[in-house]
Amino acid sequence: MISTAMLNLLNDQIQKEFYSAYLYLSMKAWFAEQNLDGFANFFNVQLMEERDHALKFYNYVIHVSGKVELQAIQAPPIDFVTPLSVFEESLKHEKFVTASIYNLVNQAIEEKDHKTSAFLQWFVTEQAEEEATAESNIRKLQLIGGNTQGLFMHDAELAKRVYVPISPPLV
Ligand code: FEO
């Protein structure tokens, strides 16, 4: 039986993952407005991955016979400054999510809840990857600076990103 403390953190995490999807949906819209369709595609894939993360937590709560308690999702920012600043905001947000996942892992370890601890390891790995992806884009955009040709080349690169459903999809 999962503890109430663990269950509350898992329900909070469902909200954070759906907010992540909402944030990236907003970033996608901003890039679409700028006619940077490759960047918009990148964030489209990103938002679908975040939805999957939320559903993975949601399904886990059901799997352990807990009660799913969906929470309100706050409005994300809608105006951004530059492509670089979007990725900087994305990295900042991912670090916030990583800290939240670590907090869940700490709780699971403290409770000797090995099942939840094992479930969370997928997210620990995923967060490392997400932060590395954001950092890589930041470094490239810093190199590109105000070079329009470089920006369009990077846009073409990001247009190639393809959504791959997470595996295993549920728990
Ligand atoms: Fe699911 Fe990017 O945190």
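When a ligand or atom number is given, it counts from 1 through the structure's own listing order. None of these values were measured; they are calculated from a predicted model.
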Under the salt bridge (Lys or Arg N to Asp or Glu O under 4.0 Å) test, residues paired with Glu49 that sit two or more places apart: Arg161

Qualifying residue, where the test is side-chain hydrogen bond (donor to acceptor under 3.5 Å, both in side chains) with Thr98 and the options are Glu131, Glu130, His93: Glu131

Of all pairs that satisfy salt bridge (Lys or Arg N to Asp or Glu O under 4.0 Å), the ones with a partner from residues 149-158, not counting sequence neighbours: Glu157-Lys160

Working for side chain to side chain donor-acceptor pair (under 3.5 Å), residues Asn41 and Tyr163: CA-CA 9 Å; Asn41 173 65; Tyr163 165 69; over 6 Å; no

Passing candidate, side-chain hydrogen bond (donor to acceptor under 3.5 Å, both in side chains) with His53, options Lys56, Arg51, Glu50: Glu50

Atom 2 (Fe) of ligand 1 neighbourhood, protein N/O/S only, threshold under 2.8 Å: Glu50 OE2, Glu94 OE1, Glu94 OE2, Glu130 OE1

For residues 64-81, which side-chain N or O atoms pair as donor and acceptor with protein atoms under 3.5 Å away, sequence neighbours left out?
{"unit_1": "Gln71", "atom_1": "NE2", "unit_2": "Asp12", "atom_2": "OD1", "d": "2.8"}
{"unit_1": "Gln74", "atom_1": "OE1", "unit_2": "Gln15", "atom_2": "NE2", "d": "2.8"}

